[in-house]
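Heads up, the thing below is written out as structure tokens.
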Amino acid sequence: MKRTIAFVLYPGLTPLDLVGPLQVLSVLAQFDPTYEVVVVGATTSPVGSDTPLSLSASHTFDEIASPYAIVLPGGTEGTFAAMGDERLLEWVRSVAPTASVVGSVCTGSLILGVAGLLEGRRATTHWSCLHVLEKLGATPVTERIVEDGPVITAAGVSAGIDWALHLVQRLAGEEMARNVQNMIEYDPQPPLGPIDWTKVDRAAFAPYIDHLIAQTLTDHPAFQ
């Protein structure tokens with residue numbers, strides 16, 4: 001029986017949040033056909049992203065009822081709108097209890113939080129939104145990958161690739177994870193070096209993020 005890893009597609013997300021880990025896990029599925037990777041959404045028609053690129057789901061929510069794993073990508077305005085999308089939240093809440101892995105990349109963890117899946121759990125998200133996790137009942141952690149039971153969350157955008165390799169190692173072992181890493185030639189060497197986190201003003205972004213979220217979640221008590 002196939003173990004289905006389902007990535008959630010919704011309008012306005014950040015493509016790399018989805019495509020990065022999707023590529024990693026698609027390579028796993030090529031090596032190990034007991035896994036299959038799908039992209040699930042409200043429709044299979046193309047939806048826009050926060051770039052000029054549009055994306056299409058391979059399946060609708062109704063077609064994927066019991067995935068082995070679910071993955072929520074993030075973004076900004078599109079993700080904040082998705083936090084109020086009851087159809088999406090209904091599907092996430094319905095499949096999460098039986099999923100072996102409930103994952104997110106970047107601000108996708110905020111969707112898990114609004115769905116009630118992070119209450120009392122350690123989790124991470126994009127650095128600008130860590131304070132929002134606390135409002136949603138989670139314990140925010142400044143780490144690239146945070147695992148708490150079946151819930152595995154990743155920090156911002158590019159962390160999704162690391163998250164997916166972490167998952168491959170968990171599911172299929174270190175040798176498989178190294179094989180996948182080799183196949184995608186993932187060997188980060190950013191031209192400007194690592195981020196200097198001491199120079200990132202996290203607090204300055206908090207009011208802006210809260211304002212954007214409050215515009216779409218007008219009825220949520222955490223953002224009143």
Side-chain angles (χ1 to χ4, degrees), residues 4-29 36-64 67 69-92 95 101-115 117 123-130 132-133 144-145 152-165 167 184 186 188 190 195 205 208-217:
T4 301
I5 301 172
F7 286 80
V8 180
L9 176 66
Y10 55 86
L13 56 66
T14 297
L16 185 56
D17 284 13
L18 187 152
V19 175
L22 176 68
Q23 186 67 62
V24 171
L25 292 164
S26 293
V27 175
L28 169 64
E36 67 173 355
V37 181
V38 301
V39 178
V40 62
T43 175
T44 56
S45 298
V47 299
S49 69
D50 64 3
T51 74
L53 178 69
S54 293
L55 301 167
S56 300
S58 60
H59 296 74
T60 65
F61 290 133
D62 291 336
E63 292 175 308
I64 304 295
I70 62 172
V71 189
L72 274 297
T76 50
E77 287 93 340
T79 304
F80 304 149
M83 290 164 69
D85 182 339
E86 286 303 322
R87 179 67 186 94
L88 187 157
L89 294 174
E90 177 187 7
W91 183 83
V92 170
V95 300
V101 176
V102 176
S104 66
V105 178
C106 195
T107 52
S109 58
L110 305 186
I111 299 175
L112 296 180
V114 169
L117 301 175
T124 193
T125 189
H126 189 276
W127 59 265
S128 66
C129 293
L130 282 165
V132 180
L133 284 178
R144 196 154 174 86
I145 301 168
I152 312 176
T153 54
V157 194
S158 63
I161 298 175
D162 294 349
W163 176 94
L165 287 169
L167 182 59
I184 66 169
Y186 181 57
I195 295 172
F205 280 84
Y208 170 69
I209 296 297
D210 289 345
H211 172 70
L212 289 178
I213 295 176
Q215 288 183 310
T216 56
L217 293 181

What's the separation between atom [atom1] in [X] and atom [atom2] in [Y], rounded to the nearest 0.5 Å?
X	Y	atom1	atom2	value
Met83	Tyr10	CE	OH	10.0 Å
Thr60	Trp91	OG1	CH2	10.5 Å
Ser49	Leu55	OG	CG	5.5 Å
Ile70	Phe7	CD1	CZ	11.5 Å
Ile213	Thr76	CD1	OG1	10.5 Å
Asp50	Asp17	CG	CG	8.0 Å

For Phe205, does the CZ atom have more than 12 heavy-atom neighbours from other residues, nucleotides or ligands under 6.0 Å away?
-> no

Within the side chain of Thr4, is there an N or O that forms a donor-acceptor pair under 3.5 Å with the backbone of Glu36?
-> no

Under 3.5 Å: donor-acceptor pair, side chain of Thr216, backbone of Phe80 = yes

How close do [X] and [Y] get, heavy atom to heavy atom, and via which atoms?
X	Y	answer
Glu63	Ser58	OE1-O, 4.5 Å
Leu13	Pro15	O-CD, 3.4 Å
Arg87	Asp62	NH2-OD1, 2.8 Å
Ala42	Phe61	N-CE1, 3.4 Å
Leu112	Gly103	CD1-O, 4.0 Å
Leu165	Tyr186	CD1-CD2, 3.5 Å

Output, in order, the C-alpha distance, side-chain angles, deciding distance and verdict of side chain to side chain contact (heavy atoms under 4.5 Å, CB included) for Leu25 and Trp163.
-> CA-CA 10 Å; Leu25 292 164; Trp163 176 94; 4.0 Å; yes

Please assess Thr125 against Thr153 for the test side chain to side chain contact (heavy atoms under 4.5 Å, CB included), listing each intermediate value before the final yes or no.
-> CA-CA 7 Å; Thr125 189; Thr153 54; over 6 Å; no

Non-hydrogen side-chain atoms of Cys106 and Thr14 separated by less than 4.5 Å | no

Is there side-chain contact between Ile184 and Ile161, with at least one heavy-atom pair below 4.5 Å?
-> yes

Verdict with supporting geometry, Ile64 and Val95, side chain to side chain contact (heavy atoms under 4.5 Å, CB included) | CA-CA 9 Å; Ile64 304 295; Val95 300; over 6 Å; no

Assess whether side chain to side chain contact (heavy atoms under 4.5 Å, CB included) is satisfied between Leu110 and Leu133, documenting all intermediate values.
-> CA-CA 7 Å; Leu110 305 186; Leu133 284 178; 3.8 Å; yes

